[in-house]
Amino acid sequence: MAEFAVVIPARFASERLPGKPLRAIGGRPLVQHVWQRAKESDAAEVVIATDDRRVADAADAFGATVCMTSAEHQSGTDRIAEAADLLEWPDARIVVNLQGDEPLMPAVLINQCALLLNDASADLSTLASPLASADDWKNPHVVKVIVDANRDAIYFSRAAIPFSRSVDTDELAWTTALHHHGIYGYRCAVLRRLVAESPTDLERCERLEQLRALSLGMTIKVGVPESRPGPGVDTEADLAEVAKLIG
């Protein structure tokens, strides 16, 4: 496997869960759990990219490498791109974007996401698992992806895709779609191109930044992990659920 780095974007001012990176799970901040998953992977370097001194101080305390970035960024991708520039990473370097609210992302899946970029046709990589139920297919909080025969993404949506023309094909539809996980891999050249472009119409409609890549004609390789990662943390209820799972 080619050498890769992991960057964890950690924004303090989360809309749904303020102060999210520092919310405690098992006596340790959420971002520390995410960092530990990354450190368990084969990454040559793990960096926490943040705009808040409180997050940086906490990360320093548990021994993480920190990169201070602008508070003006609208997405984790923008934050990671600034970190890559500040760290002077070359265009060919592979970076895995491990979102700062994924404390149950196994290290093997981080490796898998990076490994997908061994395919020279792939601009980006990500992971997605079979949907657990028809309810998840209909749930707008579950991001779905549909792929082609090469496991390249065709489209991502919060809607129930593919659309079922009748109840007779509902099961076919929800078993065709995949549940997208919040992890991405890209080379720095692709990362820099993405952030240089304005949000596209599809991205603005769905509020899914990966649609910018598809709109620009980029190829997103989708890997299906052998086991699905645990839940991420977006709300107080998620935090309580993850705390029970971590113990």
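One is the number of the first residue; the rest follow in order along the sequence.
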Quick one, Asp152 with Lys221, criterion side chain to side chain contact (heavy atoms under 4.5 Å, CB included). Give me CA distance, side-chain angles, the key distance, then yes/no. CA-CA 5 Å; Asp152 295 332; Lys221 185 66 66 177; 2.8 Å; yes

Given the rule in the side chain to side chain contact (heavy atoms under 4.5 Å, CB included) test, do Val95 and Cys188 qualify, once you have shown the distances and angles that lead to the verdict? CA-CA 7 Å; Val95 178; Cys188 285; 3.7 Å; yes

Quick one: do Lys20 and Asp101 satisfy salt bridge (Lys or Arg N to Asp or Glu O under 4.0 Å)? Show the steps, please. CA-CA 8 Å; Lys20 179 162 61 172; Asp101 54 11; 3.0 Å; yes

Give the intermediate values and the outcome of side chain to side chain contact (heavy atoms under 4.5 Å, CB included) for residues His180 and Phe156. CA-CA 8 Å; His180 181 233; Phe156 296 82; 3.7 Å; yes

Intermediate values then yes/no, salt bridge (Lys or Arg N to Asp or Glu O under 4.0 Å), Glu203 and Arg212: CA-CA 6 Å; Glu203 177 185 357; Arg212 186 184 309 182; 2.8 Å; yes

For Leu239 and Ile25: C-alpha separation, side-chain torsions, deciding distance, then whether side chain to side chain contact (heavy atoms under 4.5 Å, CB included) applies. CA-CA 8 Å; Leu239 191 70; Ile25 298 177; 3.8 Å; yes

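Under the salt bridge (Lys or Arg N to Asp or Glu O under 4.0 Å) criterion, Arg204 pairs with Asp201, not counting sequence neighbours. With sequence neighbours left out, His179 forms a ring-ring contact (aromatic ring centres under 6.0 Å, His included) with His181.
Smallest separation of non-hydrogen atoms from Leu116 and Gly223: CD1-N, 3.6 Å. Between Leu117 and Tyr186 the shortest heavy-atom distance is CD1-N, 3.5 Å. When all heavy atoms are compared, the tightest approach of Pro9 to Gln99 is CD-CA, 4.2 Å. Taking all atoms of both residues into account, the shortest heavy-atom contact from Leu104 to Pro106 is O-CD, 3.1 Å. Counting all heavy atoms, side chain and backbone alike, Ser129 lies closest to Pro225 at OG-CG, 3.4 Å. Closest approach of Leu98 and Glu102 over heavy atoms only: CD1-CB, 4.2 Å.
You'll find the side chain of Leu202 stays beyond 4.5 Å of the side chain of Leu214, heavy atoms only. A 4.5 Å side-chain heavy-atom check between Arg23 and Leu17 finds at least one atom pair inside the cut-off. The side-chain heavy atoms of Leu127 and Val224, taken from C-beta on, include no pair separated by under 4.5 Å. At least one side-chain heavy atom of Glu45 sits under 4.5 Å from a side-chain heavy atom of Val47. In this structure, the side chains of Leu131 and Lys144 come closer than 4.5 Å at one or more pairs of heavy atoms. Considering only heavy atoms from C-beta on, Trp35 comes within 4.5 Å of Val46 through its side chain. Using a 4.5 Å heavy-atom cutoff, the side chains of Met218 and Val190 are in contact. Within the 4.5 Å cutoff, the side chain of Asp51 has heavy atoms near those of the Arg79 side chain.
A donor atom on one side chain and an acceptor atom on the other are not found under 3.5 Å apart for Thr50 and Asp52. Under the 3.5 Å distance criterion, with hydrogens and angles disregarded, a donor-acceptor pair is assigned to the side chains of Tyr155 and Glu206.
In the hydrophobic clustering (ILVMFWY side chains linked at under 4.5 Å, chained through shared members), Met68 is joined by Val66.
Atoms CG and CD1, on Asp148 and Ile154 in that order, are 5.0 Å from each other to the nearest 0.5 Å. A distance of 4.0 Å separates OG of Ser41 from CZ of Phe4, quoted to the nearest 0.5 Å. One distance of note links CZ of Arg228 with CE of Met105; it measures 11.0 Å at 0.5 Å rounding. Between the CG atom of Asp123 and the CG atom of Leu216 there is a distance of 10.0 Å, given to the nearest 0.5 Å. In this structure, Cys205 SG and Leu211 CG are separated by 9.5 Å, a value rounded to the nearest 0.5 Å. Atom CZ of Arg193 is separated from atom CG of Asp91 by 13.0 Å, given to the nearest 0.5 angstrom.
At a threshold of 4.5 Å between side-chain heavy atoms, the hydrophobic network of Ile, Leu, Val, Met, Phe, Trp and Tyr places Ile110 and Val7 in two separate groups. If you chain together hydrophobic residues whose side chains sit under 4.5 Å apart, Val145 and Trp137 never meet in one group. In the hydrophobic clustering of ILVMFWY residues, with side-chain heavy atoms under 4.5 Å counting as a link, Val34 and Val6 come out together. In the hydrophobic clustering of this structure, Trp174 groups with Val142; members are Ile, Leu, Val, Met, Phe, Trp, Tyr whose side-chain heavy atoms approach within less than 4.5 Å, directly or through other members. When hydrophobic clusters are built by joining Ile, Leu, Val, Met, Phe, Trp and Tyr residues whose side-chain heavy atoms come closer than 4.5 Å, directly or via intermediates, Ile183 is not grouped with Val222.
The 12-atom threshold is exceeded at CZ of Arg158, counting heavy atoms of other residues, nucleotides or ligands nearer than 6.0 Å. The number of heavy atoms from other shown groups lying within 6.0 Å of CD (Glu171) does not exceed 12.
Arg37 places a side-chain N or O within 3.5 Å of a backbone atom of His33 that can act as its donor or acceptor partner. Ser125 places no side-chain N or O within donor-acceptor distance of the main-chain N or O of Ala114, the cut-off being under 3.5 Å. Counting only distance, with no hydrogens or angles, the side chain of Arg11 and the backbone of Pro21 share no donor-acceptor pair below 3.5 Å. Counting only distance, with no hydrogens or angles, the side chain of Thr219 and the backbone of Ala122 share no donor-acceptor pair below 3.5 Å. The main-chain N or O of Leu172 is never found under 3.5 Å from a side-chain atom of Thr169 such that the two would form a donor-acceptor pair. Under the 3.5 Å distance criterion, the side-chain polar atoms of Asp238 are matched with a main-chain donor or acceptor of Thr235. Between the Glu209 side chain and the Ser75 main chain, no donor and acceptor come within less than 3.5 Å of each other.
Geometrically, Arg54 engages Phe12 in a cation-pi contact defined by less than 6.0 Å to the ring centre and at most 45° from the axis.
A salt bridge links Arg53 to Asp60: one of the charged nitrogens lies within less than 4.0 Å of a carboxylate oxygen. The pair Arg192-Asp85 counts as a salt bridge, with a side-chain nitrogen and a carboxylate oxygen less than 4.0 angstrom apart.
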